[in-house]
Amino acid sequence: MSIPLDWNPALRVLVFLACLGPFVLLVNGVVSNSLGPDPAEHLMHITGEWVMRFMVLVLLATPLARHGWPRLARYRRMLGLYVWFYATVHLLVFAQVFIGWSGDQLVRELVDRPYVLVGFLAWLILVPLGITSVQTIRKRMGRYWRQLHKLTYVVAVLGWLHLFWLSRSDVGNAVLYGVIFGLLLLYRIRPIAKRVSFKLRS
Amino acid sequence: MSRISRTWRSYPRIDSSEITPESVWLNRRNLMKTAAVAAGITAAGETVAQPKVLKDLNFSSAVANTPFKAGEDLTPYEAATTYNNFYEFGTDKSDPARYADAMTTDPWEIKVGGLVNKPGKLYLEDIVNGFDLEERIYRFRCVEAWSMVVPWIGFPLSKLLERFEPTSEGKFIEFKTLYRRSEMRGTRSFTSIIDWPYREGLRLDEAMHPLTLMTVGLYGKTLPNQSGAPLRLIVPWKYGFKNIKSIVEINVTDRQPKTSWQDLAPQEYGFYANVNPEVSHPRWSQAYERRLPSSLFNPNRVKTQMFNGYGEQVAGMYKGMDLANYY
């Protein structure tokens, strides 16, 4: 792992702040009470949506890095941590507004509602992925790190399932993310990735 | 035509150099009306063309300490009219307030038919002027686990049905919402899986129940479009989706009618849809509700009551039925 010399720390800070933007807007909305009469629903919806968006960016980083934007690989960890961050905010809002921090209620939700279970599982998987993002841990793990972080694909599938299960009468959003995730996961299957890179080079 | 020109002549002059603020522009109709009255002209022929101009209604106030007047604080008008489900205009709660003004509500006609002795039509004028209007302050509980308290204005559905004389074979009532693609952007969505028009239904005894309200207004004025103008149903002991909006057809049937949500996901939405904290929904726990307006640090979570608190009045209709089965 060599750090490219042209890596620009200012740009990195800028990207970090941009990713934090949606959260700042939500905090501002909560503080100024401008999220409408039912902020709970709004917060759940928006934070969930950002989890999906960052997931798309994470999955995009590798193929783009391979095909002409190598510096993007440097942002993969940050984007991944933002997936975890927004998923955690999503879960905290759920705990606060939907189950009132009750353990019994959480168990009932997990048992009664498969989409909650699937979403919760996805968050649980993100925990070790987040923790092992610390550089020293990562180095100590060696090749196991790579294997562990393949779980990102499982998180993507679970996250999509969570969204799909929540669709009521309009499946537009679920279809959109289904197609994007589907293509980006297909790319991970080695023979397909090879064919893509061959075409791009020729 | 002379009537119109006289109206215009007596219309108060606004200096042409002045830019007319929207509030004044919206008030123009009222100014015209005032001017017309001053000139000795009745405003009887006037129609409500701008859906945003809501008319004041004459009604008798809800009587305290009756089931017709919930004791809780009212949900602010702003919240009640900007946070709605009306999927014909989009699936986001703010879509109806944003887009429902595209719907033409004047003229409006409602076809009443099926198993009745006198099938016929009702027009906009009939529903606002043809019935004694009453105020009803009801709890409103959405299946999505939020709730409001709203002062509706309307008349008992039984009064409407009596005019058309349901026959003895009539056992159910079927309702349909307007379906007009050109004015309803939600119905034009390629990924929507609802089979329009939106349909709902009630058992005849539920329809004839004194709590069941044909609603023409809220907060003393006619319904804004996003709330289901010009005529909607309010059945306070059932989940919100039973309260079908912008009704254009009412049929008396001998079979339980198909309803939109039940059609779409029968394991989630039943025909009865009575508010019931015991019966969990695959998406939302029904044990609690957020009484709106709610906030992040004061979510205002309250326990949901059986039949939304109207059990004393309605439980008798479901005696002997397993409500876990007939949800």
Side-chain angles (χ1 to χ4, degrees), chain A residues 26-47 49 89-90 92-102 104-119 162-179, chain B residues 75-85 87-88 90-95 97 142-148 186-187 189-196 198 241 260-261 263-265 268-269 279-302:
Chain A
L26 287 180
V27 170
N28 178 56
V30 167
V31 172
S32 63
N33 199 18
S34 60
L35 299 179
D38 192 11
E41 204 242 3
H42 183 81
L43 287 167
M44 286 310 276
H45 182 82
I46 300 294
T47 52
E49 187 64 38
V89 177
H90 190 68
L92 289 175
V93 175
F94 180 73
Q96 162 73 5
V97 200
F98 286 80
I99 57 173
W101 299 99
S102 147
D104 292 350
Q105 285 268 344
L106 176 64
V107 171
R108 267 202 70 178
E109 288 291 325
L110 292 174
V111 172
D112 286 359
R113 279 167 269 283
Y115 80 90
V116 177
L117 181 68
V118 161
H162 178 74
L163 174 74
F164 177 73
W165 240 316
L166 274 167
S167 306
R168 287 178 75 190
S169 68
D170 201 310
V171 293
N173 221 19
V175 169
L176 175 73
Y177 283 112
V179 170
Chain B
T75 302
Y77 178 84
E78 166 79 9
T81 56
T82 56
Y83 192 78
N84 312 94
N85 278 320
Y87 277 21
E88 280 81 346
T91 56
D92 196 276
K93 301 276 182 303
S94 58
D95 285 340
C142 179
V143 71
E144 297 165 353
W146 52 266
S147 64
M148 295 180 174
T187 64
S189 163
F190 288 116
T191 46
S192 166
I193 50 177
I194 291 184
D195 181 19
W196 310 105
Y198 190 76
F241 65 86
S260 290
W261 280 109
D263 223 22
L264 201 64
E268 293 184 35
Y269 310 96
V279 176
S280 185
H281 185 277
R283 290 168 199 274
W284 311 276
S285 162
Q286 300 300 357
Y288 290 87
E289 64 203 54
R290 301 186 299 284
R291 179 61 54 83
L292 306 188
S294 137
S295 71
L296 183 62
F297 299 109
N298 179 17
N300 218 3
R301 270 173 98 232
V302 296

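Naming convention: chains lettered A, B, ... in sequence-line order (proteins, then strands); numbering from 1 in each chain.
In terms of heavy-atom proximity, B:Arg283 sits nearest to A:Leu166 at NH1-O, 2.8 Å. Residue A:Asp170 comes nearest to B:Ser189 through the heavy atom pair OD2-OG, 2.9 Å, listed as atom of the first residue, atom of the second, then distance. Listed here is the closest heavy atom pair of B:Pro282 and A:Arg113: O-CG, 2.7 Å. Across every non-hydrogen atom of A:Gln96 and B:Phe297, the tightest pair is NE2-CA, 3.7 Å.
Looking at B:Ser294, the atoms closer than 4.5 Å to chain A (heavy atoms on both sides) sit in the backbone and in the side chain alike. Proximity to chain B (any heavy atom under 4.5 Å) is shown, for A:Val175, by neither the backbone nor the side chain. When heavy atoms are compared at a cutoff of 4.5 Å, A:Arg168 approaches chain B by way of both its backbone and its side chain. In this structure, the portions of B:Trp284 lying under 4.5 Å from any heavy atom of chain A include both its backbone and its side chain. Heavy atoms of B:Ile194 lying under 4.5 Å from chain A belong to its backbone as well as its side chain. Interface remark: B:Arg301 contributes side-chain atoms only to the contact with chain A (heavy atom separation under 4.5 Å). Only the side chain of B:Glu144 comes within less than 4.5 Å of a heavy atom in chain A; its backbone stays farther off.
Listed by chain and number, the residues in a side chain to side chain contact (heavy atoms under 4.5 Å, CB included) with A:Val107 are A:Val111 (sequence neighbours excluded).
B:Gln286 contributes atom CD, which lies 11.0 Å from atom CG of A:Asp112 (distance to the nearest 0.5 angstrom). Of the inter-residue distances, the one linking B:Trp146 atom CH2 with A:Asp38 atom CG reads 8.0 Å to the nearest 0.5 angstrom.
For the set B:Ser260, B:Ala80, B:Ser295, B:Ser192, the entry with the most heavy-atom pairs within less than 4.5 Å of chain A is B:Ser192. Chosen from A:Ala174, A:Gly100, A:Gly36, the residue pairing most often with chain B at heavy-atom distances under 4.5 Å is A:Gly100.
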- Item | A:Ser169 vs B:Thr91, side chain to side chain contact (heavy atoms under 4.5 Å, CB included): CA-CA, chis, key distance, verdict | CA-CA 8 Å; A:Ser169 68; B:Thr91 56; 4.1 Å; yes
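Side chains of A:Pro37 and B:Lys93 form no contact here, defined as non-hydrogen atoms less than 4.5 Å apart.
Atom CZ of A:Phe164 has 12 or fewer neighbouring heavy atoms from other residues, nucleotides or ligands inside a 6.0 Å radius.
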